[in-house]
Visitor: 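Following this message is one structure expressed as structure tokens.
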Amino acid sequence: MTEPGAESGDGRDPESVSRFVERFAAQLVQAGVPRMPARVFAALLSSDTGTLTSAELGELLRISPAAVSGAVRYLAQVHLVSREREPGSRRERYRVHSDQWYEALTSREAIIKRWEEALREGITSLGPETPAGRRLTDTLDFFEFIESDLAGIMERWRAHRERTSGRG
């Protein structure tokens with residue numbers, strides 16, 4: 001599996017890159033990411049440019065255009081990739097950014113807020129002293145705890161990244 005457009009003298013072993021893509025994708029699958037989006041994400045992540053077209057992804061991973069489309073749709077929804085139009089073309093490129101984990105995690109804040117609202121409604125409906133109500137309360141407490149630390153964690157990450165790589 002060689003990256004389309006990659007120079008032959010880049011020092012990479014195409015089989016080694018292919019093994020990385022499949023191994024990392026397998027780890028993502030074990031963590032709950034669907035298989036095809038995991039493979040597409042790993043391929044984009046291992047690309048020097050961080051961008052590939054649908055055709056390039058299909059060739060690289062030996063998958064259909066429909067499989068690429070479904071995978072990219074999923075990855076865009078969870079903020080791990082973005083779509084970009086090639087200038088002067090109808091063709092799209094898919095991009096993974098170096099801060100994709102940061103973006104994906106910060107987008108979760110709004111989701112966590114909605115979960116908290118739903119949990120509060122559930123606690124009210126079920127009663128806070130019922131076994132189910134206590135379970136929902138514990139879940140709500142967990143999300144509130146995570147949310148309270150998330151902003152601080154993200155700020156510490158930005159400061160760490162600035163110190164270690166000069167990028168803010």
Side-chain angles (χ1 to χ4, degrees), residues 1-116 143 146-168:
M1 173 190 319
T2 56
E3 180 182 332
E7 300 196 17
S8 59
D10 66 4
R12 293 186 200 191
D13 171 25
E15 286 304 311
S16 178
V17 173
S18 178
R19 283 191 303 274
F20 162 76
V21 166
E22 296 305 328
R23 272 196 313 268
F24 190 63
Q27 293 299 314
L28 292 172
V29 168
Q30 286 183 353
V33 177
R35 183 173 182 270
M36 223 30 85
R39 292 182 72 217
V40 167
F41 180 74
L44 285 166
L45 194 62
S46 66
S47 163
D48 278 343
T49 63
T51 66
L52 294 169
T53 65
S54 178
E56 290 168 336
L57 284 163
E59 179 185 330
L60 188 65
L61 299 171
R62 296 183 182 102
I63 59 177
S64 71
V68 171
S69 178
V72 168
R73 186 172 34 258
Y74 173 89
L75 292 167
Q77 286 174 344
V78 296
H79 304 279
L80 287 175
V81 302
S82 61
R83 299 169 191 249
E84 301 173 350
R85 285 261 185 231
E86 289 187 345
S89 169
R90 290 181 48 213
R91 213 164 65 163
E92 287 186 328
R93 296 190 71 76
Y94 306 112
R95 175 178 298 280
V96 64
H97 298 277
S98 59
D99 60 351
Q100 77 275 353
W101 297 113
Y102 177 88
E103 293 298 324
L105 194 53
T106 55
S107 73
R108 291 289 185 250
E109 287 181 281
I111 294 169
I112 290 171
K113 285 276 191 210
R114 290 195 304 268
W115 289 350
E116 289 172 353
F143 285 131
I146 294 297
E147 185 186 15
S148 71
D149 272 5
L150 193 54
I153 288 169
M154 298 313 244
E155 183 54 42
R156 288 191 306 274
W157 165 249
R158 285 189 297 273
H160 171 79
R161 185 173 178 180
E162 177 67 31
R163 273 192 320 275
T164 59
S165 68
R167 295 180 295 177

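The chain is numbered in sequence order, starting from 1. It should be emphasised that the depicted structure is a prediction, and the values quoted were computed from it without experimental measurement. Values reported hereafter were calculated over all heavy atoms of this structure, with side chains retained and with hydrogens, waters and symmetry mates removed.
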Visitor: Give, for atom OH of Y94 and atom CG of L44, the distance between the pair rounded to the nearest 0.5 Å.
Guide: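 It is 10.0 Å, given to the nearest 0.5 Å.
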Visitor: Considering all heavy atoms of both residues, which atom of A42 and which atom of F24 are nearest to each other, and what is their separation?
Guide: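 What the structure gives for the nearest pair is CB-CD2, 4.0 Å.
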Visitor: Which heavy-atom pair separates S54 from V68 by the least distance, and what is that distance?
Guide: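 Residues S54 and V68, closest heavy atoms: OG-CG1, 3.5 Å.
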Visitor: Mind listing the closest non-hydrogen atom pair of R83 and A76 along with its distance?
Guide: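 Nearest heavy atoms, R83 then A76: NE-CB, 4.5 Å.
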Visitor: Mind checking the OG-CZ spacing from S16 to R23? Nearest 0.5 Å is all I need.
Guide: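 Between S16 OG and R23 CZ, I get 7.0 Å after rounding to 0.5 Å.
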Visitor: CD of Q77 to CG of L75: how many Å apart, nearest 0.5 Å?
Guide: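 Result: 9.5 Å between the selected atoms.
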Visitor: How long is the straight-line distance from CG of D13 back to CZ of R19, given to the nearest 0.5 Å?
Guide: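 Taking CZ in R19 and CG in D13, the distance rounds to 6.0 Å.
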Visitor: Hey, are the side chains of V40 and V81 touching, using non-hydrogen atoms and a 4.5 Å cut-off?
Guide: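 No, their side chains stay 4.5 Å or more apart.
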Visitor: Applying side chain to side chain contact (heavy atoms under 4.5 Å, CB included) between H160 and each of R163, E162, R158, R156, report the one that passes.
Guide: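 Answer to the side chain to side chain contact (heavy atoms under 4.5 Å, CB included) test with H160 among R163, E162, R158, R156: R163.
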Visitor: When rounded to the nearest 0.5 angstrom, what distance separates OG in S148 from CD1 in I153?
Guide: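 Output value for this atom pair is 8.5 Å.
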Visitor: Got F41 and V33 here, is their nearest side-chain heavy-atom distance under 4.5 Å?
Guide: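 When only atoms from C-beta onward are counted, V33 and F41 do not touch, as no gap falls below 4.5 Å.
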Visitor: Judged by modelled atom types alone, do R91 and T53 share a side-chain donor-acceptor pair under 3.5 Å?
Guide: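 Side chains of R91 and T53: no pair found under 3.5 Å.
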Visitor: Output the distance between atom CG (L28) and atom CZ (R35), rounded to the nearest 0.5 Å.
Guide: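 If I round to the nearest 0.5 Å, the distance is 12.5 Å.
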Visitor: Does any non-hydrogen side-chain atom of E59 lie less than 4.5 Å from one of E56?
Guide: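 SC-SC contact between E56 and E59 ruled out.
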Visitor: Is V21 close to L61 at the side-chain level, that is, under 4.5 Å between some pair of heavy atoms?
Guide: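 Yes, close enough: below the 4.5 Å cut-off.
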Visitor: Which atoms form the tightest heavy-atom contact between P37 and Y74, and what is the distance?
Guide: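 Smallest interatomic distance, heavy atoms only, reads CB-CD2, 3.4 Å.
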